[in-house]
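In what follows, chains carry the letters A, B, and so on, assigned in the order in which the sequence lines appear, proteins first and then strands, with residues in each chain numbered from 1.
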Amino acid sequence: MARAARRLSEQINLSRRPALEGSETVMPWVTVRPSGPLSRLSLRAPEASVSALSKALGVTLPGKPKSSAEKAGRAVLWLGPDEWLVLDGAGNLASALQGVKQFHSAVDVSHRNVGIVVAGEGAEAALNAGCPGDLSLAAFPVGACSRTVLGKIEIVLWRKAEHEFHVECWRSFSDYAFAFLTEATRDAGQP
Amino acid sequence: MLLIRCPYCEEERPELEFRHAGEAHLVRPSNITAMSDEDFEGYFFIRSNPKGLVYERWRHIHGCARFFNAVRDTVTDKFVTTYKAGEPKPDLGKPKARLPRKSARENVGKGKPAKGRAEPR
Amino acid sequence: MTNESFRIPGQGRLGQARLARFSFDGEGLAGLEGDTLASALLANGIHLVGRSFKYHRPRGILSAGAEEPNALVGIHRDAARRTPNVRATVQELYDGLNAVSQNRWPSLKFDVGAVNDLASPFLSAGFYYKTFMWPKAAWKQFYEPNIRAAAGLGVAPDLPDPDRYSARFAHCDVLVLGGGAAGIAAALAAAEAGARVIIADEQAQLGGSLRFETGARIGGAAGWDWAQASAARLAAMDNVRVLTRATAFGYYAQNFVGLVERVSDHLPQPMPDLPRERLWQVRAKRVVLATGAIERHMVFADNDRPGIMLASAARTYFNHYGVAVGRNVGVYTANDSAYHAAIDFKKAGVNIAAIVDLRDNPQGAAVDEARALGIEINAGRAVIAATGRQRINAMVVRPKNGGASRAIPVDALLTSAGWTPSVHLFSQSRGKVAFDEATRRFLPGDYAQDCVSVGACNGTDNLADTIAEAIAAGEKAAKEAGAKVSKGFKLKAETPEGWAGGMIGAAPGAGLDAKVKAFVDFQNDVTAKDIRQAVREGMRSIEHVKRFTTNGMATDQGKTSNIHGLAIAAETLDKPIPEVGLTTFRAPYTPVTFGAIVNHARGELFDPTRRTAIHPWAETHGAVFEDVGQWKRAWYFPRPGEDMHAAVDRECRTVRNAAGIFDASTLGKIEVVGPDAAAFMELLYTNPWKRLDTGRCRYGIMLREDGFIYDDGVVGRLAEDRFHVTTTTGGAARVMNHMEDYLQTEFPHLKVYLTSISEQWAVIAVQGPKSRDIIAPLVEGIDLSNEAMPHMSVREGRICGVPTRLFRMSFTGERGFEINVPADYGQAVWEAVWAEGEKHGACAYGTEAMHVLRAEKGYIIVGQDTDGTVTPNDAGLDWAVGKKKADFVGIRGLARPDLGMPDRKQLVGLRTRDPKLVLEEGAQIVADPRQPIPMKMIGHVTSSYWSENCGHSIALALVERGRERIGETLWVPMPDATIEVEVTGTVFFDEKGERLNG
């Protein structure tokens, strides 16, 4: 029985079906693409646990609103005063905090969220089609991140470079998010 | 669309990120089962809903997700202040000085400067 | 009319612009690129462009801007793009434009509806309210349809709007509304100080009234040239956004301004990647209002004849578009500014028949210049009538206090009663306007927001003062917004012109008798007489006068008429104007399309459509979907030849006989983590949790504080400090909010955190006697035997090689499992389970079968069998309330006296006497069908289905004292029959529950 299961698992690994797979919008001024699978943790912890968790993650948890920290492909985004979203493109975060004794909650949300990368000169304009916040560099500098809204859904927005944003939304909202951003790119030609 | 200062995010954010959550400073008694019917009615059903300054709860639900409190004038729709959940009710002094406005300004032209508080109605 | 016969060579700014062909009511005409439709029509000598709303009187072009009340036309691009009520004065001409007049039949020049003009004694103010009151039924069947056909404006297309509309949120330090001299100067000053600036103007180019004010010189250049150079300078600055063709239509709280930018209405072809309009929602730290002023017309008899227009409009057509609105032009005014129109015309060789000036002794440079040019000036006189039905042919002039009158032939008449400051946006910002007695106009008074008014909208009549005021305001706004103003911005401006003076209300001879029509509001056909009549009939407040007469209530919102109307009402009431009051200005300033408001939210972007990870499989296997909130859920899986009934019956049978596989991914899921997790659960749910062993599950009920059921779901304890909570699909978000609320604000001392994991896990329910056999070959590391994993337990392990949280639970009454796997693996695991299931005769089942199967077992669905007024006891779930608990949310509510009353509605089962009859959900229940109507209703059906497994219909119902009535007969009155039912328990199938372990 176990052997049969292992055989199945090999087939199944081939048939993981990330949301938005194969989707892509390319305009001369902006592109919209899924980020591909990422390992993710929703991390909740009081102040007293922050240093132990930072140590275990290898990234210092940012304490300032709207800020993020990044190290070796691992990013930690401040979402609230005791809440962070940890993203890792290569490693698996699922067990990264297992040894930490200090009070915290680390929940694997790798499959809950879908990442979308909006990049290009028109990225800010495309996002501002549905995101009510001020996304100018002065108000939302590189590295800034925040939960906010895009049209009718909630997203996490993270500025990775002047003209590159990472958008996270829940899996079932990713069709909407992608369609919205695609529609918005058409009118993002003039910043 | 209002602009609401989130005391946790430490900046003003668009109203679309927030959700109103009713009157503030209603504390659920720890001995709730000991409440009389009358007291429970007052606690759960009766709201003051005044015209003018209200103490109310908001949640920055599409932001930092924290609940916090605000003082808002229902006549002008202006926020007097926002503060973290659990902090004491701010003392706003006498009604005359109730709306500290740092934004009151002179009109360069013929108009008069903005008044510091709501029109009496 | 010959083409372009009124375009004066060498006049205006269109120069060698390209020809643009267009048609009006099917007639082929030509204009120039850069024209508006109005200027192109006038260039062709066409004044008559529409019929009025009520009296169907011939109407011409009154203005050259957004205030236009008369010249409303339809613009037809194709069958789906037929825009009604477009102001010809705003619509830019393009090659191929097709315009049609409105509100006329069969033609503009011969209109049957014009008999209304003769019937006007019966159509006076308030006629809607008086005439059509009786008989009542006639309103819907006769009056309303006929009035709508006869009145009304253009016709909207009946095809879907094929255009795209976009939207943008924008932020700036200083938002300047209005791009005339004042706006440009303010924007330059703020921008030079380093502020982030947005300047918006509704016209295609910045410049405002510099378009016609030829005498203005700013910064050493002609006013218009300065405006264009400044616009280019602003556009080139990184910190400035210049929006043209953009109307600020609404000024909302905290300097939030809505603007509509018309992106492609001026283009010959809509561009595929350009929206038709773009909605800008701008948040500004400071707003500078530079909205200018609107000229008023003179109110006298038959002042609506085509060919009568505002003096500044005629000047605009002349100085900007090079179009003379006539060859023998009269002027009727009460101020100086109209003289400049006469002067411009006369200098270019257009005859000015006469200036009629209501003032007894007009003086000043403009009067002198007109006199020097040989223009006849009739001071102290009034125009008391105009003749010529489809085009003015003479004005009748008389001393204003009476005397002999004479007719002066004219082919156009320019009127000006003075300028009304545009305080619309200021007023929308909740600022209070104040009446200035000296100049008899309303000006910005008390400010409510961080904004400032400059220039004509602030009552500043002189250009030099305007520029100085605007620069000061721009710099101040920039500074307040945080910019550092280093060097002061300087600009010199001068003009011989001024905008002061004028009159408000009706001019002499506007008539008291019923035959004279001196129009105040052109678009709604409101005359001076109507307003006087409204006052005579008892209207005292301007708000009442407005509604009774409809003055100012047309699509132009009374931009030219409000002040006249107010002055006439005040005069009739014999009260000072401020006592009569000014009506409130409301958004939108000019009409806004629904397209712009809706913008992206159309089609698939109207509302998010949520699909599970397993959705594609269901789609390829023929599922019919139902909407559950935003989710698409597989409803049933019909096989060839099956209707819904047959498919659901088969699915229900198969689950009980073999097994069924069901996509339960949409269930809400919350991970509750922390040392106080159990303590938190104790407070949020009615059940006891502390003694729930790790690896076991419990059905939990959540109440609101009032004691009513809020949500329910199965909760599994994964570890001492970790619970996996499930919620209803529809309740997921609000339950999370409810839990967070209590945790953050009432129980913040608890060391526990909540995380939504609804979408982390795809959930595959496998239910039925064969369920264990189906999943067994796929599961690793979990003993599935009844002993090791009894009903209501949870295990973590692997299935098909991926991590799973495997629940042994049942919403069907059969042995069942719910397999949670990370969502991206959902479909692959489903396919593996499906392949195993097929070997055992299993089927996929949808939400309908799920509903039937759970109802057969009497399992409730919160929100269907409960409605926010149902307690656990009402629902027969008292067993789930921890009797020994000291506290939980709802514990006090449950103790309210009325929640313990014996006559409460309780959930029971119903069986119809006729087993084939399926009751309607929501149907009311009575005890005695013979009682008189209205009958006493003692309950209602909450769930009702055909049960193939039972062989009869089944229903759940909330019935007063329901449990006492088990065995009784009750009645369900329906329109065609009264249905006899027997009250039963809620469990219809396997009452002992043996199948859960079978």
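- Of all heavy-atom pairs spanning C/Thr745 and B/Ala85, the tightest one is CG2-CB, 4.4 Å.
- With a 4.5 angstrom heavy-atom cutoff, C/Ala886 touches chain B only via backbone atoms.
- Within the 4.5 angstrom heavy-atom criterion, only side-chain atoms of B/Leu16, from C-beta onward, approach chain C.
- Annotation: C/Lys885, atom NZ; neighbour count of heavy atoms from other residues, nucleotides and ligands within 6.0 Å is above 12.
- When the options B/Arg57, B/Arg28, B/Arg59 are evaluated for a salt bridge (charged side-chain N to carboxylate O under 4.0 Å, His left out) with C/Asp741, the one that passes is B/Arg57.
- With a 4.5 Å cut-off on non-hydrogen atoms, B/Phe44 touches chain C through its side chain but not through its backbone.
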Working note: B/Asp39 + C/Arg892, criterion salt bridge (charged side-chain N to carboxylate O under 4.0 Å, His left out); need CA distance, chi angles, decisive distance, verdict.
CA-CA 11 Å; B/Asp39 288 348; C/Arg892 179 61 188 82; over 6 Å; no
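- The environment of B/Glu87 atom CD is dense: over 12 non-hydrogen atoms of other residues, nucleotides or ligands sit within 6.0 angstrom.
- Nearest heavy-atom pair across C/Ala253 and B/Leu2 is CB-CD2, 3.6 Å.
- In this structure, CG in C/Asn737 is found 4.5 Å from CD1 in B/Ile61, a value given to the nearest 0.5 Å.
- How far CD of B/Glu12 is from CD of C/Gln254: 6.5 Å, rounded to the nearest 0.5 Å.
- Contacts of B/Arg66 with chain C are made by both backbone and side-chain atoms, with heavy-atom separations under 4.5 Å.
- A distance of 6.0 Å separates NZ in B/Lys78 from CD in C/Gln449, rounded to the nearest 0.5 Å.
- Considering only heavy-atom pairs separated by less than 4.5 Å from chain C, the leading option among B/Leu3, B/Thr33, B/Ile32 is B/Leu3.
- Using a 4.5 Å cut-off between heavy atoms, B/Ala34 does not touch chain C at all.
- Ranked by heavy-atom pairs under 4.5 Å with chain C, the list B/Phe67, B/Phe45, B/Phe40, B/Tyr43 is led by B/Phe67.
- Heavy atoms closer than 4.5 Å to chain B are found in the side chain of C/Phe747, but not in its backbone.
- We find the CE-CZ distance between B/Met1 and C/Arg283 to be 5.0 Å, quoted to the nearest 0.5 Å.
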